[in-house]
Amino acid sequence: MDLFETLNPMQKEAVLATEGPLLLLAGAGSGKTKTLTHRIAYLVEQGIPPTRILAITFTNKAAREMKERISSLIENSERMWVGTFHATCVRILRRDIDLIGYDKSFAIYDYADSEKLMKETLLELNNSETLLNLRLKEIRSMLSAIGRKKDSLITPEICLELAADNYNEKQIAAAYKSYQRKLKKANALDFDDIIFKTVELLREHPDILNSYSDRFLYVMVDEYQDTNTAQYELVRLLSSKYNNLCVVGDDDQSIYGWRGANIENIRNFEKDFRNSQVIKLEQNYRSTKTILNAANAVISNNNGRTGKTLWTENPEGEKIHLHRADTDIMEAEFVKDQILTAAKSGAAYKDFAVLYRMNAQSRLIEEAFFKNGLPYRIVGGIRFYERKEIKDVLAYLSLINNPANDLAAKRIINVPKRGIGTTSVQKISEYSDKNNISFFEALKFSKEIMGGRAGAALRFVSFIEEISEQVLPVSEIILKVIHDSGLIEEIKSEKNSDNNSEERIKNIEELVSKAVEFEKQHEEATLAEFLEEIALVADIDNYNENDDATVLMTVHSAKGLEFKTVFIIGFENNLFPAARALNAEDDEQLEEERRLCYVAITRAREKLFITNAATRMTYGYTVSNNPSLFLKEIPSELTLSVGDKKKSHKHSPNQISTRESRQNVEKIFSKKPEVFNFKPPVSKKTGQYYIGDKVFHQKYGEGIIKQLRETSIDTEIIIYFNNETFTGEKKFLSSVAKLEKR
DNA sequence: CCTACTACGCTTTTT
DNA sequence: GCGTAGTAGG
């Protein structure tokens, strides 16, 4: 077949530019994947063996798609390395990680595992001092701080050096060091380690690096704007010998800055790689002119862009439909009504997608859809593999695979109940630390540790060892585990309140069939491979665009996808853009929100609905947000308000609508400027207080009422202070607090 | 050692 | 509003 027949001149140029570094700036809907797959096919046609080509993506779904499309173009593409960053690195590590001191059977810790481990780390580090107020928040912020270090290839040692006298940084360095020691002891890697350790392996062992850089004549990286420093270094190393590195990306779609992605990687490509070429793909084949113009208008408000303007030959299309609902519930009703009406006139449910800023927003949409029998799929939220019963089974498998996995051992030592409670676990844990052996290993000394009550622990040990010694297919291991351990029995016998034991059994059965499926696909499927695949799947990977169902997902998950009709919901300040970005000191975060908005708009092919609500329920409180500031960045001639409230999209005069006035308010109150725009809640019992009222408190001085919450006997008042005496929020009860109105 | 209740904190986004 | 972590009582 003629590979060039369906390509436009720029795409064709990109396919032909095979030698040397190439930056392919590909706008949304510009045929990026097509160009990339054709480029690979072209290389193979030119005689390059598929095994000498490496293509890296961010999601399994993208990798799978790329594989499928390549195999439809050429023969023998199976042995080509096409995979995610993480899968590619794990593949490299499984071969040679022993050279940097880990066992090849290493476990991969997911985020929940990391949280547990960090909790242990911080508890040890702080002794009794902060033991009581060790909050999830601290655990997460520590994990994220350490994650950013790993993204930047900073080791615990360098971290400590860089910290110098900075107390906070020194704390991070200490936690980092100890957390890392724990991971090592458990022979486990967290997500960030997978990249970091691969770079470490390649840097420290030139022979290994050479074997890969020599092998890969051509290296291609998708979504390059989302790479972090570690990934950048990985790519650089792997392509270092032949320098045939092609990166594809769009700086306007960089939306993972919060996860350490470095937008400068793409912006500096030309500087970083000498003699590089840049090719821009600016013709959009996806959206109508209207939708594209809106996206272009919004993104033009950002600074420092590499600069490209998308254009299209597609028709003008319909105007963008704006709808402001009274409440979040009515917003969901609106979306449901629109889809049901369209479906009556023949539209397919899968033509629609509902996109939102955060997962919590899916609930109301789901409710509205469910009640009306509108078929839907939710991407994200609680993953299948994160369910308690599944994680329990997986912990058994993980322990069988890697007995050093302390977290797994501790998780299941008393699941099902074996009479080994927290006290015993603690004793065993101490013993294992003292003797520098794993938790599982320590269990073998139960007689020494707990005397007469060691029976159950020893039985557990022989149970695990017995299974480990046999060579069985994964699905049979699972069956053995769930039946012989008593796990299924226990779940069945749980008659308690939330009678979901049937569902949990079903989930476990589902896991068994996933294992069977896995065995079909992989001839000699090992336990390690099965666990690895599970650890590295994202929810989006299971999304099947052939199901006739409307899909609900976050804008982040939607990147790379397209739909005939898109609903962007919750288009409000504090939500989209997120409050955090809106109140940030610099513009960086707001610009990322704007890119996110750009991604959202450009998902639509023909029709775009943008909705918001005048009031919504946000964790127990009714809040009232202004329409998103991005709404004003869409030229009004492209939009049309729909629904009852005709003028609803106009900003009311008392609302802060410009950047300048927002900043002015911020000068007076450095935080959360929008609290003043809350309308008084419809309420009888709150008496004389309203949100936004200025009040004076004896101790804290003047402040502003931020939130009111009625309990059965009293009214809770949250006041925001910012004066000489005090800055921050305080909670009061209206009957107790002495407040003066100002 | 286990169960049941309460209180608290959470909401960005996830490979 | 909801889920979970922490605590008190059996």
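Reckoned from all heavy atoms, side chains included, excluding hydrogens, waters and symmetry mates.
In this structure, A:K150 pairs ionically with A:D190, as a charged nitrogen and a carboxylate oxygen lie closer than 4.0 Å. Using a 4.0 Å cut-off between charged side-chain N and carboxylate O, A:D113 and A:K391 make a salt bridge. With salt bridges taken as basic N to acidic carboxylate O contacts below 4.0 Å, none links A:E430 and A:K427. A salt bridge links A:E592 with A:R595: at least one charged nitrogen is closer than 4.0 Å to a carboxylate oxygen.
Atom-to-atom, NZ of A:K388 to P of C:dG3 comes out at 11 Å; the value is rounded to the nearest Å. Regarding A:E115, its CD atom lies at a distance of 12 Å from the P atom of B:dC10, rounded to whole Å. The nearest whole Å value for the distance from the CG atom in A:L575 to the C1' atom in B:dT11 is 9 Å. Spacing between atom CD1 of A:I194 and atom P of B:dT15 amounts to 12 Å, rounded to whole angstrom units. The CG-P distance, from A:D151 to B:dT14, rounds to 16 Å in whole Å. Rounded to whole Å, the distance from CE on A:M358 to P on B:dT14 is 12 Å. B:dT13 atom P lies 11 Å from atom CG of A:L596, rounded to whole Å. One interatomic measurement links the two molecules: NE2 of A:H556 to P of B:dT13, which rounds to 9 Å at whole-angstrom precision.
Each of A:G419 and A:I255 was assigned the nucleotide of DNA chain B with the nearest heavy atom; the assignment lying further toward the 5' end belongs to A:G419.
A close approach under 4.0 Å does not occur between any side-chain nitrogen or oxygen of A:N228 and OP1 or OP2 of B:dT15. At C:dT4, none of the side-chain N or O atoms of A:K119 fall inside 4.0 Å of OP1 or OP2 (strictly under the cut-off). Look at A:S557 and you'll find a side-chain N or O under 4.0 angstrom from OP1 or OP2 of B:dT14. Distances shorter than 4.0 Å separate some side-chain N or O of A:T554 from OP1 or OP2 on B:dT14. Residue A:K116 places none of its side-chain N or O atoms closer than 4.0 Å to OP1 or OP2 of C:dA5. Contact check, A:S424 against B:dC1: a side-chain N or O comes under 4.0 Å of OP1 or OP2. Residue A:R140 places at least one side-chain N or O closer than 4.0 Å to OP1 or OP2 of B:dT11.
When distances are taken from the side chain of A:R259 to each of B:dT14, B:dT11, B:dC2, the shortest belongs to B:dT14. Considering only side-chain atoms of A:K417, the nucleotide from C:dG1, B:dT15, B:dC2 that sits closest is B:dC2. Which of B:dT11, C:dG1, B:dT15 sits closest to the side chain of A:M617 comes down to C:dG1.
Within the nucleic acid shown, A:N359 comes within 4.0 Å of sugar-phosphate atoms alone, with no base atom in reach, counting heavy atoms only. Nucleic acid contact class of A:N60 (heavy atoms, under 4.0 Å, all strands): none. Across all strands, A:F58 comes closer than 4.0 Å only to sugar-phosphate atoms, never to a base (heavy-atom distances).
For B:dT11 and C:dG6, the P atoms lie 16 Å apart once the distance is rounded to whole Å.
Annotation: A:R94, atom CZ; neighbour count of heavy atoms from other residues, nucleotides and ligands within 6.0 Å is above 12. Around CZ of A:F370, the count of heavy atoms belonging to other residues, nucleotides or ligands within 6.0 Å does not exceed 12.
Residue ring and nucleobase are not stacked for A:Y256 and B:dT14 under a centre distance beneath 5.5 angstrom and an angle between planes beneath 30°.
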